[in-house]
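Since we're looking at a predicted model, the values are computed, not measured.
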Amino acid sequence: MKRRRDLVRTLSCLRCFFSLPKKNPNPTKRKRAMEDSSSSSSSERYCYNPILRWNPQVEDYFIKAYGSDHFSRISKALTRPSCYSCIRVNTLKSTSDAVIQKLLTIIKEEEEEEEEGGNVDASESESEIGRISKCQFPGLEEYVVFYRGSGPHVIDYARPPKEIIVSRKCAEAVLRGAQVYVPGVIACSAHVEKGDVVAVSVGVEQPALDGGGWGVGITRGTVLLGLKTDPYYFERNGLYIGQGTAMMSRAGMFRVSEGIAVDMSNRVYKLPSFHDVLEGEIFLQNLPSIVTAHALDPQKGERILDMCAAPGGKTTAIAMLMKDEGEVVAVDRSHNKVLVIQKLAAEMGLNLRRLMV
Ligand SMILES: C[S@@+](CC[C@H](N)C(=O)[O-])C[C@H]1O[C@@H](n2cnc3c(N)ncnc32)[C@H](O)[C@@H]1O
């Protein structure tokens, strides 16, 4: 089974990331910090500690509504990834009990391999059984399984640094167990070669200096010098998401259009990638999407229209709940999107009857 190693090695999404590191959010402060060379230690830099910046009026409103303590906890939680992966079991092919057993077997086998290779950190070897559980909401226990991740972890990074900055979207995927793919890389240190261990941070949106909206402010392909005089140096403090091995040189990362740029070995939050795991038997789907189809309560023989259907998460959930006896009309706006739905339905062994562009 492809990519099963990720289930062991790595353990949602960053729901909100309009966040900045705690230090030096504006140019004046940044300049002051650059002058004070002792203000940015390695532990400050290589940690994950973003804070959310709110529109002051919105902030005032919420503080009045929730109280400042509660609001500050909400604000902090919004900068953290989800601790759970939510797995929908395809009940036409399997059951939640069978899926739990299979996942445990996969994890055990892979753990043994990792142990043989000496790659297991004993301090992290919590029982996997406790990590997997059935959803407790009535009616969902039959087909929804949770996998609980872990974090935040302290991931030391040895100097001298070789660094990579990735986009927010890429960072969200990485903290759900993905690798860093080429399109997600925004900037990279000079002289990064294939095989180098690199520190990976996220470039977050910041207010433009000219007051014209928010942006990442780093041009794709920027060379990171690793110096405190580097204009982006302080912005990266506290936005470190982990480290990995460069799978290509710096030149390659900005020359090719696809492929893995960094094989992540350590992430500050760990959730496994379920990519290619138990294909057709399970589908990774956020709980609200599952609940949407569940609340619709589709019955055998009904005809249901899904108007913005790709990639087909709710479409296939509806078809499954109808025991694939009925008609789901799935519509999306391009032929390619409809092909994606078709592929997912085929993997799950479902006959959707009608797919439309
Ligand atoms: C968030 S995704 C839908 C996710 C999907 N319902 C699921 O559960 O997997 C939104 C989809 O709406 C589609 N969409 C947007 N505008 C549309 C339109 N005018 N007609 C049909 N589909 C549209 C997009 O192409 C995209 O695939």
> Counting N and O atoms only, with roles assigned by atom type, does the side chain of T222 sit under 3.5 Å from a partner on the main chain of I218, one being a donor and the other an acceptor?
no
> Judged by atom type as modelled, is there a donor-acceptor pair below 3.5 Å linking the side chain of Y66 to the main-chain atoms of S72?
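No, because the side chain of Y66 does not come within donor-acceptor range (under 3.5 Å) of the backbone of S72.
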> Salt bridge (Lys or Arg N to Asp or Glu O under 4.0 Å) with K134: which residues, sequence neighbours excluded?
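Listed in chain order: D97.
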> Between the side chains of T316 and R88, is a donor N or O closer than 3.5 angstrom to an acceptor N or O?
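A pair is found: one side chain offers a donor N or O, the other an acceptor, under 3.5 Å apart.
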> Answer with yes or no whether the hydrophobic clustering places L339 together with L344; edges join I, L, V, M, F, W, Y residues whose side-chain heavy atoms lie under 4.5 Å apart.
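Not linked; separate clusters.
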> To the nearest 0.5 Å, what is the distance between CG on L224 and CD1 on I164?
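If we round to the nearest 0.5 Å, L224:CG and I164:CD1 are 8.5 Å apart.
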> Under the side-chain contact (heavy atoms from CB on, under 4.5 Å) criterion, do V262 and T245 qualify, and how do the steps go?
CA-CA 5 Å; V262 181; T245 305; 5.8 Å; no
> With side chains defined as the heavy atoms from C-beta onward, is the minimum distance between Y181 and C170 less than 4.5 Å?
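Side chain of Y181 against side chain of C170, heavy atoms only: no contact under 4.5 Å found.
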> D332 and K337: which non-hydrogen atoms are nearest, and at how many Å?
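Shortest heavy-atom separation between D332 and K337 comes out as OD1-CD, 3.3 Å.
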> How far does CD1 of I106 sit from CD of Q101, to the nearest 0.5 angstrom?
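Reported to 0.5 Å precision, the distance equals 11.5 Å.
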> Are any of the side-chain heavy atoms of C135 and F146 separated by less than 4.5 Å?
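Yes; the side chains approach each other to less than 4.5 Å.
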> Begin from the C-alpha positions of K64 and E59 and carry the test salt bridge (Lys or Arg N to Asp or Glu O under 4.0 Å) through to its verdict.
CA-CA 9 Å; K64 279 186 196 125; E59 188 169 18; over 6 Å; no
> Taking only residues two or more places apart in sequence or in another chain, which ones pass ring-ring contact (aromatic ring centres under 6.0 Å, His included) with F71?
W54, F62
> What distance do S85 atom OG and R176 atom CZ have between them, rounded to the nearest 0.5 Å?
5.5 Å
> Hey, mind stepping through V144 and V89 against side-chain contact (heavy atoms from CB on, under 4.5 Å) and telling me if it holds?
CA-CA 6 Å; V144 181; V89 176; over 6 Å; no
> Tell me which pairs pass side chain to side chain donor-acceptor pair (under 3.5 Å) where either residue lies in residues 182-197, with sequence neighbours left out.
K162-D196
> Can you find a pair of side-chain heavy atoms, one from Y269 and one from S150, that are under 4.5 Å apart?
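A side-chain contact under 4.5 Å is absent here.
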> Check the surroundings of atom CZ in R220: do more than 12 heavy atoms from other residues, nucleotides or ligands lie under 6.0 Å from it?
yes
> Closest approach of G312 and I341, non-hydrogen atoms and distance?
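Result for this residue pair: CA-CG2, 4.1 Å.
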> Between the side chains of T315 and D306, does any donor sit under 3.5 Å from an acceptor?
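There is such a pair between these side chains.
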> Consider only side-chain heavy atoms of I, L, V, M, F, W and Y, link residues closer than 4.5 Å, and tell whether V154 and L239 are in one cluster.
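Per the 4.5 Å side-chain linkage, V154 and L239 are not co-clustered.
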> Working to the nearest 0.5 Å, report the span between OG of S75 and CG of L52.
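Those atoms lie 4.5 Å apart.
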> Quick one: are L92 and L350 in side-chain contact, heavy atoms under 4.5 Å?
yes
> By the ring pair (Phe, Tyr, Trp, His ring centres under 6.0 Å) test, which pairs, at least two apart or in different chains, include something from residues 236-255?
Y46-Y240
> For E347, give me all partners under salt bridge (Lys or Arg N to Asp or Glu O under 4.0 Å), at least two apart in sequence or on another chain.
K343
> Might you work through the side-chain contact (heavy atoms from CB on, under 4.5 Å) test for D263 and Q179, ending with a clear yes or no?
CA-CA 6 Å; D263 182 352; Q179 305 298 352; 3.4 Å; yes
> Using side-chain heavy atoms (C-beta onward) and a distance below 4.5 Å, is Y84 in contact with L287?
no
> Between A261 and V185, which heavy-atom pair has the shortest distance, and what is it?
CB-CG2, 3.7 Å
> Could you report the tightest heavy-atom contact between M248 and V192, atom names first, then the distance?
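Result for this residue pair: O-CG1, 4.4 Å.
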> Kindly write out the residues that satisfy salt bridge (Lys or Arg N to Asp or Glu O under 4.0 Å) with R73, not counting sequence neighbours, or none if the list is empty.
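Residues passing salt bridge (Lys or Arg N to Asp or Glu O under 4.0 Å) with R73: none at all.
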> Side chain of R250, backbone of C188: donor and acceptor closer than 3.5 Å?
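Yes.
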> Heavy atoms only: give me the nearest L104-I132 pair and the separation to one decimal.
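Smallest interatomic distance, heavy atoms only, reads CD2-CD1, 3.9 Å.
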> Hey, does M247 have a side-chain heavy atom less than 4.5 Å from the side chain of V180?
no
> Once ring pair (Phe, Tyr, Trp, His ring centres under 6.0 Å) is applied, what residue pairs with a partner in residues 287-316 remain, sequence neighbours excluded?
Y143-H294
> Of Q243, R267, M264, which meets side chain to side chain contact (heavy atoms under 4.5 Å, CB included) against V200?
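It is M264, the one option of Q243, R267, M264 that forms the side chain to side chain contact (heavy atoms under 4.5 Å, CB included) with V200.
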> Taking C-beta and beyond as the side chain, do V145 and I100 meet within less than 4.5 Å on heavy atoms?
yes
> Might you work through the side-chain contact (heavy atoms from CB on, under 4.5 Å) test for I241 and S201, ending with a clear yes or no?
CA-CA 5 Å; I241 58 167; S201 300; 6.0 Å; no
> Roughly how far apart are D156 CG and N266 CG, rounded to 0.5 Å?
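These two atoms lie 9.5 Å from each other.
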> Can any side-chain N or O of E302 pair as donor or acceptor with the backbone N or O of Q299 at less than 3.5 Å?
yes
> Name all pairs fulfilling the ring pair (Phe, Tyr, Trp, His ring centres under 6.0 Å) condition that reach into residues 303-325, sequence neighbours left out, sorted by first residue then second.
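The answer is none; no pair qualifies.
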> How close do R168 and V202 get, counting heavy atoms only, and between which atoms?
CA-CG2, 3.7 Å
> Applying side chain to side chain contact (heavy atoms under 4.5 Å, CB included), can you list everything that pairs with A293, at least two apart in sequence or on another chain?
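Counting only residues at least two positions away or on another chain, A293 forms a side chain to side chain contact (heavy atoms under 4.5 Å, CB included) with A317, I318, L321.
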> How many angstroms lie between CG in N90 and OG1 in T95, if you round to the nearest 0.5 Å?
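The CG atom of N90 sits 11.0 Å away from the OG1 atom of T95.
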> Check whether any side-chain heavy atom of F274 sits under 4.5 Å from a side-chain heavy atom of F283, and report yes or no.
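SC-SC contact between F274 and F283 ruled out.
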> Run the side chain to side chain contact (heavy atoms under 4.5 Å, CB included) test against C47 and tell me which residues pass, sequence neighbours left out.
N49
> What pairs meet the salt bridge (Lys or Arg N to Asp or Glu O under 4.0 Å) rule with one or both residues in residues 281-293, with sequence neighbours excluded?
K102-E281
> Can you run down the ring pair (Phe, Tyr, Trp, His ring centres under 6.0 Å) pairs that involve residues 300-323, sequence neighbours left out, and say none if there aren't any?
none
> Side-chain heavy atoms under 4.5 angstrom apart, residues restricted to Ile, Leu, Val, Met, Phe, Trp, Tyr: same cluster for V340 and M348?
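No.
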> Is R45 paired with E163 through a side-chain N to carboxylate O contact shorter than 4.0 Å?
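R45 and E163: salt-bridged.
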